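Before any comments, here is the structure.
Heads up: numbering here begins at 1 and tracks the sequence. For clarity, every value in this text was computed on a predicted model and none was experimentally measured.
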Amino acid sequence: MNSRTSWLLGAGLLALAGAVFAAGTQGLAEANPAGTNPNPVRLMRPPVAPLSAMAQLGKEIFFDASLSSSGALSCASCHSPDRAYGPPNDGPVMLGGATLSRQGARAVPSLTYLERHPNFSIGPDKGDDDNIIDLAQMAALGQQAARTTKTAGGNAASAQNIVPQGGLFWDGRADTLQDQALFPLLDPNEMDGGSAEIVADKLRRSPYVNRFVELFGAGVLRNQRLLIAEAMFAVARYQVEEQSFHPYSSKYDYWLEGKARLSESELRGLQLFNDPDKANCAGCHTSAPTRDGLPPQFTDHQYEALGAPRNTTLANNRDPNYFDLGVCGPQRTDVAEQTQYCGMFLTPTLRNTATRHAFFHNGVFSTLEQVMDFYNFRDTNPDKVFRRAADGTVQKFDDIPQKYHANVDVTDPPFDRHLGDKPAMTDQDMADIIAFLKTLTDGYKVEN
């Protein structure tokens, strides 16, 4: 059995488990007033151990604001431990640069739950196949391939969709945590560290410089490229080893294990989350544990073009000809010619989503209520979601050029509805789903 066959079989088994799980959540609130999980599982969490010397070095770098041009911005400034390693502010993006006055290009994603995140690819993972097909070849296949509808509990076929998946950032342009750490360090809108020479010089003068010598020898300080590479690798090791980046300690995790009770509203929300005829959230945000007990990550790691409204508060968007097209650029350039993916962004995890104040790649929504309205009314009542032009017409999909509107998902529920149709969810449904989403926040204290 080759690796692709293994991957597809594994995807099929995971989808089967998800289907069984989704079916098992139907009617939970009515049949289980006690709020317990009738079929508890044992979750396999990442092992916990003291940080290695490399990870301890990475921790110091992660919290070192002196590496920024302002002297006030560290990795932890935008990825706050108090906000599930997401942004601590209430705005759509963070501010950076030398005077902390420059807007970041996109909403800051969380750094949690990346330990099982796959590398960027197009179509099913090829693993160790002998017949490796590059991104351009897979994308060309994707232009002709029919796309399978994604529904909660039924993703065995959609796992084979020839669409982008994996990678870090909203556009997947980095594959490793080491590479991911370097981008904001040098970005003039973020930490604005300047050149590699400036960063290396600051590392040589840092209070933790002796850790570099102890780990790599004195020669590392003379090799600029190696010094920066090892510094970023240390940051990556910190994220891998530090438990708080992937604790799986939410109320929902403990409910899965039979150690917590969900309220009636939370149970109804879980049922709606998994219902393909209602919210269908689990169609992309997988909620079932794997067959071998790994906790759900609430993302399928694939990319979607959802057509979120344009955020007029972003400086870049003052130019009417500027569009952030995700996989197609402007920050990513290697697959820009694959225009069938323009407007697609990575599906984020929903873990700790209730701690956020910026949703979607452009931070256009600031509350979960607004997000739910978008999913519910985008197609049935777009006037509730999008701006109107001067002539009164609703500007649907106004953050994607007209020529790419065909890329927007109009097949996966609840986006399969049309103007004037009955919305998929009632106000109570949406309130219940939000109640469930709040059970995904880490740090829940289990009652003895």
Side-chain angles (χ1 to χ4, degrees), residues 15 17-39 149-155 158 250-256 260-289 295-300 304 306 308 347-356 359-360 365 367-381 384-385 409-418 421-441 444:
V20 172
F21 180 81
T25 62
Q26 300 306 302
L28 259 179
E30 297 81 1
N32 185 22
T36 57
N37 182 2
N39 300 294
T149 301
K150 294 161 88 170
T151 56
N155 282 340
S158 66
S250 71
K251 184 178 184 180
Y252 180 68
D253 292 308
Y254 293 123
W255 178 84
L256 286 173
R261 301 171 185 268
L262 297 186
S263 70
E264 290 185 12
S265 178
E266 292 164 349
L267 283 173
R268 289 195 304 267
L270 170 59
Q271 179 176 325
L272 292 159
F273 190 96
N274 290 327
D275 189 341
D277 296 322
K278 284 288 190 176
N280 192 43
C281 307
C284 296
H285 301 280
T286 49
S287 60
Q297 291 196 305
F298 285 88
T299 174
D300 62 1
E304 293 280 346
L306 300 183
T347 299
T349 178
L350 293 185
R351 285 180 171 274
N352 296 297
T353 192
T355 67
R356 294 185 62 86
F359 300 91
F360 289 76
F365 301 127
T367 68
L368 286 173
E369 287 78 9
Q370 292 172 335
V371 174
M372 293 305 306
D373 282 347
F374 172 76
Y375 278 93
N376 205 33
F377 300 124
R378 191 199 75 174
D379 300 295
T380 62
N381 305 82
K384 294 179 178 288
V385 176
D409 182 0
V410 294
T411 58
D412 296 337
F415 295 140
D416 56 349
R417 287 165 171 76
H418 303 92
D421 285 352
K422 181 180 179 181
M425 294 166 281
T426 65
D427 289 347
Q428 185 61 57
D429 289 340
M430 292 190 286
D432 288 338
I433 292 169
I434 291 173
F436 168 68
L437 291 175
K438 291 178 179 179
T439 73
L440 306 183
T441 301
Y444 181 75

Using side-chain heavy atoms (C-beta onward) and a distance below 4.5 Å, is Asp277 in contact with Pro413?
no
Validation row, ring centre Phe273 to ring centre Tyr252 under 6.0 Å:
no
Minimum heavy-atom distance Arg351-Ser250, with the two atoms named
NH1-OG, 3.9 Å
With a 6.0 Å cut-off (strictly less than), is the heavy-atom count around CG of Asp427, excluding the residue itself, greater than 12?
no
Atom OH in Tyr254, atom OH in Tyr444: separation rounded to 0.5 Å?
10.0 Å
Asn376 side chain vs Met425 backbone, donor-acceptor pair below 3.5 Å
yes
Ala282 to Asn274 - nearest heavy-atom pair and separation:
CB-OD1, 3.2 Å
So, does Asp432 use its side chain to make a donor-acceptor pair with the main chain of Asp429 at under 3.5 Å?
no
Between Leu256 and Pro295, is there a side-chain heavy-atom distance shorter than 4.5 Å?
no
Find the distance between CD (Glu266) and NZ (Lys438) and round it off to the nearest 0.5 Å.
9.5 Å
When rounded to the nearest 0.5 angstrom, what distance separates OG1 in Thr426 from CG in Leu272?
7.5 Å
Would the distance check show the side chain of Arg378 and the main-chain N or O of Leu306 forming a donor-acceptor pair, the cut-off being under 3.5 Å?
yes
Output the distance between atom CZ (Phe377) and atom CE (Met372), rounded to the nearest 0.5 Å.
9.5 Å
Can you tell me if CZ on Arg417 sees more than 12 non-hydrogen neighbours from other groups inside 6.0 Å?
yes
So, do Pro289 and Pro296 sit near enough that their side-chain heavy atoms are less than 4.5 Å apart?
yes
Expected output: side-chain Asn280 to main-chain Pro414 donor-acceptor under 3.5 Å:
no
Distance (rounded to the nearest 0.5 Å) between Asp379 CG and His418 NE2
7.5 Å
Looking at every non-hydrogen atom in both residues, tell me the closest pair between Leu368 and Thr353 and how far apart they are.
CD2-OG1, 4.0 Å
Do Thr441 and Asn352 have side-chain heavy atoms sitting under 4.5 Å apart?
yes
What one should report as the nearest heavy-atom pair of Thr36 and Trp255 is C-NE1, 3.4 Å
Angle between ring planes, Tyr375 versus Phe360, binned at 30° and 60°: parallel, tilted or perpendicular?
tilted
Look up atom CG in Leu440 and atom CG in Leu350, then write down how far apart they are to the nearest 0.5 Å.
7.0 Å
Are the side chains of Lys384 and Asp373 in touch, meaning some heavy atoms are under 4.5 Å apart?
no
Heavy-atom donor-acceptor pair, Asp409 side chain to Asp412 backbone, under 3.5 Å
yes
Consider side-chain contact (heavy atoms from CB on, under 4.5 Å). Of Leu262, Leu270, Asp253, which one does Thr439 pass it with?
Leu262
One thing to verify: whether Asp300 and Lys150 come together as a salt bridge, which I'm taking to mean a side-chain N less than 4.0 angstrom from a carboxylate O.
yes
Out of the candidates Thr286, Thr349, Thr347, only one should pair with Phe298 under the side-chain contact (heavy atoms from CB on, under 4.5 Å) rule; please name it.
Thr349
Check Ala435 against Ser265 and note the closest heavy-atom contact, atom names and distance.
CB-OG, 3.4 Å
